[in-house]
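Below you'll find the structure, written out as structure tokens, and then a few comments.
Quantities reported herein were computed from a predicted structural model and do not represent experimental measurements. Ligands are counted one by one from 1 in listed order, and the atoms in each one are counted from 1 as well.
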Amino acid sequence: MSLLEVSNLCKTYPGKRRVMALDDVSITLKRGETLGLVGPSGSGKSTLARAIMRLVEPDTGSIRFEDGDWLALRGRALRQARARLQMVFQDPLGTFNPRASVGGAIGDALRIHNIGARHDRADRVAVLLERVGLSADHARRPITQISGGQRQRVAIARALATAPALIVLDEAVSALDVTVRAHILDLLVNLQQQEGIAYLFVSHDLAVVRAVSHRTAIMEAGRIVETGPIQNVIAAPASATGRALVAAVPRLITNPPAKEPAP
Ligand SMILES: Nc1ncnc2c1ncn2[C@@H]1O[C@H](COP(=O)(O)OP(=O)(O)O)[C@@H](O)[C@H]1O
Ligand SMILES: [Mg+2]
């Protein structure tokens with residue numbers, strides 16, 4: 001059974017230049033699975049991510065999450081359910097209180113969702129920091145005075161704080177340099193193996209998506225134009241957009257990943 005089922009989502013932004021950012025979009029995600037959502041800039045990826053997060057209201061369509069009508073949730077019920085669906089953005093600085101410490105930022109998530117008693121929050125923060133490869137000492141550092149890679153680890157720790165079933169990552173590693181990016185991708189894969197979290201992993205970069213995804217969905221102009229296991233899509237893209245994305249990363253073809261070992 002699906003963890004997330006997005007069906008026939010449509011969203012047009014009003015204004016002089018009306019843009020149909022989502023045009024009948026349907027995707028599903030199973031527990032513990034990563035769906036890589038890839039497509040050129042402006043294809044509607046962030047709109048889909050934000051609609052799933054209830055940050056953008058779709059015009060029509062439905063979303064089921066953990067067997068409930070996700071778009072019907074309001075008020076207190078929505079605030080409680082939000083613990084199960086977290087998001088990590090490209091630029092975590094924009095989502096943190098700039099005056100917060102690392103520990104304060106993670107502690108806020110615990111407080112807002114009423115997790116643990118007040119006196120044990122510092123211990124919980126330390127455990128979360130260690131789970132993302134930071135030390136408990138980082139808790140005291142100002143959020144503005146750690147590196148971009150460390151800040152993205154803090155954003156992941158904050159997402160993990162509420163024990164989510166799904167984390168939506170929108171261009172979460174796009175601003176990081178190659179080495180730091182590889183470490184964050186490793187961390188995400190390890191966390192998934194340990195805890196069975198599902199990811200909707202949004203990126204314009206097929207090489208990044210390949211590193212973490214089980215399946216991929218390709219978007220173009222508000223529509224899903226192709227879906228399938230990531231290796232199949234890379235080996236034989238069926239859509240023009242898929243072919244263009246594959247062609248943009250030549251090493252995908254010339255340097256395929258290692259095959260599963262024979263039994
Ligand atoms: N708040 C908004 N108001 C009006 N148009 C928007 C808004 N956000 C995005 N768009 C438009 O919707 C389309 C999809 O944008 P977006 O979802 O950000 O795509 P992507 O994340 O794939 O780059 C683009 O044409 C973009 O200009
Ligand atoms: Mg985007």
Side-chain angles (χ1 to χ4, degrees), residues 4 6-29 34-63 65 70-71 85-96 148 151-152 155-156 159 166-177 180-181 184-185 188 198-213 215-228 230 233-234 237-249 252:
L4 177 78
V6 173
S7 307
N8 311 107
L9 226 54
C10 292
K11 171 70 186 176
T12 300
Y13 289 110
K16 232 187 263 161
R17 230 188 97 253
R18 286 165 52 87
V19 180
M20 196 159 187
L22 298 179
D23 181 1
D24 201 26
V25 167
S26 301
I27 57 167
T28 61
L29 248 161
T34 301
L35 177 67
L37 180 66
V38 62
S41 176
S43 56
K45 305 181 299 295
S46 292
T47 302
L48 177 56
R50 295 172 70 83
I52 291 167
M53 295 309 300
R54 298 279 310 262
L55 299 170
V56 159
E57 184 96 13
D59 303 328
T60 56
S62 69
I63 300 179
F65 176 62
W70 181 242
L71 296 180
L85 215 178
Q86 290 283 349
M87 185 154 180
V88 174
F89 295 88
Q90 173 168 358
D91 172 23
L93 251 197
T95 66
F96 289 122
R151 205 140 50 218
Q152 212 50 306
I156 293 166
L166 170 61
I167 302 179
V168 174
L169 301 116
D170 189 359
E171 305 280 3
V173 300
S174 301
L176 304 174
D177 71 45
V180 177
R181 173 183 297 175
I184 299 286
L185 294 176
L188 289 170
Y199 299 133
L200 177 64
F201 190 93
V202 179
S203 176
H204 66 282
D205 184 341
L206 191 56
V208 169
V209 163
R210 181 183 66 157
V212 292
S213 302
R215 282 188 307 126
T216 186
I218 296 179
M219 265 191 108
E220 168 85 69
R223 304 188 67 96
I224 304 283
V225 294
E226 178 166 0
T227 58
I230 184 80
V233 170
I234 287 169
S239 65
T241 310
R243 285 191 290 276
L245 288 165
V246 170
V249 195
L252 283 180

Between ligand 1 and the protein, which N/O pairs are shorter than 3.5 Å?
residue  : atom   : partner : partner atom : Å
ligand 1 : 17 (O) : T47     : N            : 2.9
ligand 1 : 17 (O) : T47     : OG1          : 2.6
ligand 1 : 19 (O) : G44     : N            : 3.1
ligand 1 : 21 (O) : S46     : N            : 2.9
ligand 1 : 21 (O) : S46     : OG           : 2.9
ligand 1 : 22 (O) : S43     : N            : 3.2
ligand 1 : 22 (O) : S43     : OG           : 3.3
ligand 1 : 22 (O) : G44     : N            : 3.1
ligand 1 : 22 (O) : K45     : N            : 3.0
ligand 1 : 22 (O) : K45     : NZ           : 2.8
ligand 1 : 23 (O) : G42     : N            : 2.6

I'd like to know if the side chain of [X] reaches the main chain of [Y], judged simply by a donor and an acceptor atom lying under 3.5 Å from each other, with no hydrogens or angles considered.
| X | Y | result |
| --- | --- | --- |
| T216 | I230 | no |
| Y199 | V212 | no |
| Q152 | A172 | yes |

For [X] versus [Y], what's the shortest heavy-atom pair and its separation?
| X | Y | value |
| --- | --- | --- |
| K11 | E57 | NZ-O, 3.1 Å |
| S203 | S174 | OG-OG, 4.5 Å |
| R243 | A238 | NH1-O, 3.3 Å |

Taking both backbone and side chain into account, is any N, O or S atom of S41 nearer than 2.8 Å to the Mg ion (ligand 2)?
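So S41 does not count as coordinating the Mg ion (ligand 2).
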